[in-house]
Amino acid sequence: MSINVENISKTYDTQKALNKVSFKIETPEVVGFLGPNGAGKSTMMKILTTYVSANEGHAEVNGFNILTQAKAVQKSVGYLPEHNPLYPEMYVREYLQFNANIYGVEKQRIEEVITLTGLAPEAHKKIDQLSKGYRQRVGLANALLHNPDVLILDEPTTGLDPNQLVDIRALIKTIGKEKTVLLSTHIMQEVEAVCDRVIIINKGEIVADKNLQKLREGNAQTVIVEFDYRVEEAFLRRLPKATAVKNTYGFVYEITFSATKDMRSYVFDFAHDNQLKILQLNQKNTSLETLFRELTTE
Ligand code: ADP
Ligand code: MG
């Protein structure tokens, strides 16, 4: 078992940050810890990395108790905090070397994490010369130095530009093939892009824990189709299992189906049989978005 959290509660002075939080992560997978700002994501992550102590409940990381085996927990988790603390005046290699010494990690591992995180072309530079995307890579390389089984990443893509975002997400996905990754985010699309599973937290309480694949297979499916000319909505309602049709703009239509299989080929055949020309045809997963909205708004 990688992470086991049971009834963890945390109050700062009078502010309740976590209320009886429980979840389990058993196998290597990328789990999104999704919630609005102030939901308690960072607090939970600080508790799991032993930086903050809980008031109630217990948790294990890699089978080690966070309270009684804190050192062992720290050895088996890599942590990228929300505000990635780096020494801007240090060179990338020097910084990693510095932390490798603290962890007692072999020199060879530094080159391994540099390669793994795609830092090689920038490794000779000073940290303050790096773009935000490369700084996040340094943070990830640092978290991976001692080769932990579990990675805890607190909003790892916040502040990145769209290209950096894509690169860092791809990197996290690659790492997640071998390690358990718990990553927090307030962005739903991030969960869609990188996670196998989502745990939604709102106001300190877990409100959902779902497998993304299962969520996608849920029976609400929307297909977006653009024709080269106007089509009557009522006509499109004749598609098998279509429950709603909406003309969103121009000749673009959103068709909702109550079906688990991909309905795009039916739309294609329907268009062909009725001499309609398709300009674009896409599938949209609305289930996570709906779930998140329902669970995190008043
Ligand atoms: P998230 O990471 O989901 O945005 P946090 O865990 O940072 O949420 O915060 C959860 C709640 O705890 C918020 O209401 C926040 O204001 C409060 N909080 C977080 N850290 C502290 C602290 N050190 N002292 C007092 N309140 C805090
Ligand atoms: Mg936070």
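Here the structure is a predicted model, which is why all the values come from computation and not from measurement. In listed order, ligands and their atoms are each counted from 1.
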Shortest non-hydrogen contact from Lys107 to Gln97?
CE-OE1, 3.3 Å
Any idea which heavy atoms bring Tyr103 and Asn142 closest together, and the distance?
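Smallest interatomic distance, heavy atoms only, reads CE1-O, 4.1 Å.
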Closer than 4.0 angstrom, basic N to acidic O: yes or no for Lys46 and Asp154?
no
Would you tabulate the polar-atom pairs, meaning N/O of ligand 1 against N/O of the protein, with distances under 3.5 Å, reported to 0.1 Å?
| from | atom 1 | to | atom 2 | distance (Å) |
| --- | --- | --- | --- | --- |
| ligand 1 | 2 (O) | Ser42 | N | 2.9 |
| ligand 1 | 2 (O) | Ser42 | OG | 2.8 |
| ligand 1 | 3 (O) | Ala39 | N | 3.1 |
| ligand 1 | 3 (O) | Gly40 | N | 3.0 |
| ligand 1 | 3 (O) | Lys41 | N | 2.9 |
| ligand 1 | 3 (O) | Lys41 | NZ | 2.8 |
| ligand 1 | 4 (O) | Gly38 | N | 2.7 |
| ligand 1 | 6 (O) | Thr43 | N | 2.9 |
| ligand 1 | 6 (O) | Thr43 | OG1 | 2.5 |
| ligand 1 | 8 (O) | Gly40 | N | 3.1 |
| ligand 1 | 14 (O) | Gln15 | NE2 | 3.3 |

Going by heavy atoms in the side chains, are Lys179 and Asn147 under 4.5 Å from each other?
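The answer is yes; the side chains approach within 4.5 Å.
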Would you say the side chain of Val150 lies within less than 4.5 Å of the side chain of Leu182, judging by non-hydrogen atoms?
no
Metal site angle (apex the Mg ion (ligand 2)), OE2 from Glu82 and OG from Ser42, 10 degrees:
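So the angle at the metal works out to 110°.
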Could you tell me whether any N, O or S atom belonging to Thr43 is less than 2.8 Å from the Mg ion (ligand 2)?
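Under 2.8 Å: Thr43 has no N, O or S contact with the Mg ion (ligand 2).
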Can you check side chain to side chain donor-acceptor pair (under 3.5 Å) on Thr296 and Asn202, steps first, answer last?
CA-CA 6 Å; Thr296 60; Asn202 190 41; 5.3 Å; no
At what distance, to the nearest 0.5 angstrom, does OG of Ser2 lie from CD of Glu60?
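Reported to 0.5 Å precision, the distance equals 12.0 Å.
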